[in-house]
Amino acid sequence: MKTPITVAYGDGIGPEIMQATLDIILAAGASIEMEEIKIGEQLYLKGLTTGIEPSSWESLRRTKVFLKAPITTPQGGGFKSLNVTTRKVLGLYANVRPCVSFYPYVHTKHPKMDVVIVRENEEDLYAGVEHRQTNQVYQCLKLITQPGSEKIIRYAFEYAKANNRKKVSVFIKDNIMKMTDGLFHKIFDQIALEYPELENDAWIVDIGAAKLADTPEIFDVIVMPNLYGDILSDVAAQITGSVGLAGSANLGEHCAMFEAIHGSAPKRAGQNLANPSGLLLGAVMMLVHIKQAEIATKVHNAWLYTMEQGIHTYDIYREGVSTMKVGTKEFAQAVIANLGKSPSTLPKVAYSNFTKQIKTSFSTYKADKKLVGSDVFLDWDKGSPDDLGKMLANANLPDLELSVISNRGVKVWPNGMPETFCTDHWRCRFLHPKGENITNEKIIELLSKITQHGYDVIKTENLYTFDGENGFSSIHG
Ligand code: NAD
């Protein structure tokens with residue numbers, strides 16, 4: 001029985017690299033039944049803001065396996081990223097990107113690099129919750145959830161175990177984002193305890209990124225929230241020799257999507273130039289996923305052999321190392337001719353159908369949540385922080401008093417610094433004077449008083465404690 005998969009040829013170099021990839025895996029004996037769907041630019045330009053026909057979801061839900069070429073997302077407002085939508089709609093929470101160097105056959109400054117980046121795929125700043133709130137200020141909401149973090153971090157440890165890896169690292173910025181990245185780090189530390197056989201370490205993302213770009217051989221598996229993972233997996237792939245060399249798997253409980261990590265490279269389109277290796281290695285991951293490990297092994301080893309032969313596309317071609325500069329089609333033909341061969345210097349691969357299918361879980365513990373105050377955000381440009389502090393104090397209720405005002409996160413009242421630059425976006429923190437619990441009705445009463453005084457309330461954030469711990473950050477300054 002052939003395994004049904006959904007295929008999309010995409011835009012730019014997409015159709016060429018997809019054809020090359022399918023030619024290779026079919027020649028290797030992949031047993032797949034393909035259903036083609038149309039995605040990308042042509043649909044965006046027809047007015048479908050999602051870049052996909054509603055009927056295509058039916059194919060994806062049925063086959064549960066998607067081999068996808070890159071697409072072009074038109075510039076400008078209104079168009080939604082199809083990748084982000086697909087990952088969220090199909091619940092593809094884990095993005096796995098192996099970044100390996102193929103020294104000395106592909107030029108790289110990092111001959112020993114073999115890093116797998118496990119990127120959280122659904123949350124973080126990619127939740128797409130953005131607002132313009134005042135004349136001067138725009139905001140993007142960073143959402144890090146406890147189940148989302150547990151799922152991806154556990155996935156990274158399980159992946160490391162199943163693939164005989166030695167270490168899992170986490171990259172975070174919890175010295176600044178103490179609550180969101182702090183949660184990711186805390187969960188990493190908790191889950192790491194369950195895997196004593198694996199080493200683990202934590203890096204602040206800036207120095208972690210610098211080390212990754214400089215000495216990638218010190219890393220093995222790295223788990224990251226969405227944004228850092230997005231940026232750093234491109235860096236990691238590029239320093240192996242080319243972004244054209246890395247494939248990626250997007251995995252969820254029900255479905256999976258396989259792709260190259262690069263985009264549609266429109267400038268290279270239609271010229272038989274593009275390197276199909278990224279999509280091919282994505283397809284290799286797909287073959288392992290659909291339990292055609294033997295075919296995956298055959299394709300991957302033939303590809304490594306072709307790399308060793310020096311048959312290279314323009315992006316990795318290098319005088320003295322490469323032997324032949326080829327186009328997309330000729331590269332595919334060379335890999336097909338090498339099916340059955342294995343590399344002699346580069347490590348051979350051997351995939352197994354018995355590799356554990358990773359299932360992750362998360363805790364459902366509910367903390368005791370208490371409402372203790374409200375951050376009221378105002379659009380205001382009528383004076384100094386002291387003016388605002390004095391005037392707002394008139395809105396105080398016996399149970400909710402103004403305690404501090406900040407602007408762009410920095411305390412400006414009481415006792416702010418005159419040098420602090422202020423925008424028209426003010427956060428005014430109201431708390432019970434004795435730290436007692438309050439009700440939602442009290443906040444509504446407060447808001448009505450504030451608006452009666454003529455202020456433009458642009459949003460509020462309730463302040464809670466969870467099991468007695470503050471569920472909100474303290475204010476700088
Ligand atoms: P890109 O990755 O498409 O290309 C950047 C450069 O990398 C190209 O100019 C080319 O020199 C090189 N390159 C990329 N893939 C290559 C390959 N297979 N072989 C040889 N060289 C290759 O990035 P971009 O130019 O920033 O984006 C182009 C379009 O792709 C945009 O519309 C973007 O939104 C989209 N995009 C799509 C995806 C996806 O569908 N998964 C991912 C990233 C970007």
Side-chain angles (χ1 to χ4, degrees), residues 7-21 24 37-45 49-52 66-88 90 92 95-97 99 102 106-107 117 119 121 126 226-227 229-250 256-283 285-286 303 306-307 311-318 322 325-332 335:
V7 171
Y9 283 75
D11 300 315
I13 59 171
E16 296 162 83
I17 60 172
M18 180 58 84
Q19 196 55 57
T21 296
I24 296 168
I37 59 165
K38 298 259 183 280
I39 56 167
E41 205 172 17
Q42 48 179 311
L43 300 184
Y44 283 122
L45 298 179
T49 53
T50 50
I52 182 167
F66 187 16
L67 182 62
K68 179 186 149 295
I71 59 158
T72 303
T73 312
Q75 297 285 315
F79 301 111
K80 294 225 175 281
S81 159
L82 175 62
N83 289 330
V84 175
T85 307
T86 311
R87 288 168 187 157
K88 285 191 195 165
L90 300 180
L92 310 178
N95 186 315
V96 180
R97 297 182 171 191
C99 299
F102 305 100
V106 177
H107 175 72
I117 294 187
R119 161 188 169 197
N121 228 359
Y126 289 55
N226 206 343
L227 177 66
D230 191 7
I231 296 168
L232 293 179
S233 55
D234 270 28
V235 172
Q238 180 67 39
I239 63 174
T240 66
S242 166
V243 277
L245 291 175
S248 104
N250 298 271
M257 171 168 85
F258 301 87
E259 57 184 345
I261 76 154
H262 58 75
S264 59
K267 277 190 232 143
R268 313 285 179 188
Q271 299 159 63
N272 190 35
L273 278 176
N275 187 349
S277 301
L279 187 59
L280 181 66
L281 295 181
M285 293 163 94
M286 176 191 79
W303 178 81
T306 313
M307 287 287 111
I311 301 179
H312 293 163
T313 43
Y314 85 92
D315 55 318
I316 54 171
Y317 181 86
R318 205 174 157 88
S322 310
K325 192 191 263 181
V326 290
T328 316
K329 281 187 197 149
E330 296 72 30
F331 181 80
V335 178

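Start at 1 and go down the list; that is how both ligands and their atoms are numbered. Given the structure is predicted, the values throughout are model-derived calculations rather than measurements.
- Shown here are the ring-ring contact (aromatic ring centres under 6.0 Å, His included) partners of F66, two or more places apart in sequence or in another chain: there are none.
- Atom CG of L90 is separated from atom CG of N250 by 9.5 Å, given to the nearest 0.5 angstrom.
- Other residues, nucleotides and ligands place no more than 12 heavy atoms under 6.0 Å from the NZ atom of K80.
- Listed by chain and residue number, nothing satisfies the salt bridge (charged side-chain N to carboxylate O under 4.0 Å, His left out) test with K329 (two or more places apart in sequence, or in another chain).
- Pocket lining of ligand 1, defined as residues with a non-hydrogen atom under 4.0 Å away: I13, K68, P70, I71, T72, T73, N83, V243, E259, H262, G263, S264, A265, P266, R268, A274, N275, Y314, D315.
- Residues P70 and I17 form a side-chain contact, since some pair of their non-hydrogen atoms from C-beta on lies under 4.5 Å apart.
- Scored by the salt bridge (charged side-chain N to carboxylate O under 4.0 Å, His left out) test, E16 finds no partners at all (sequence neighbours excluded).
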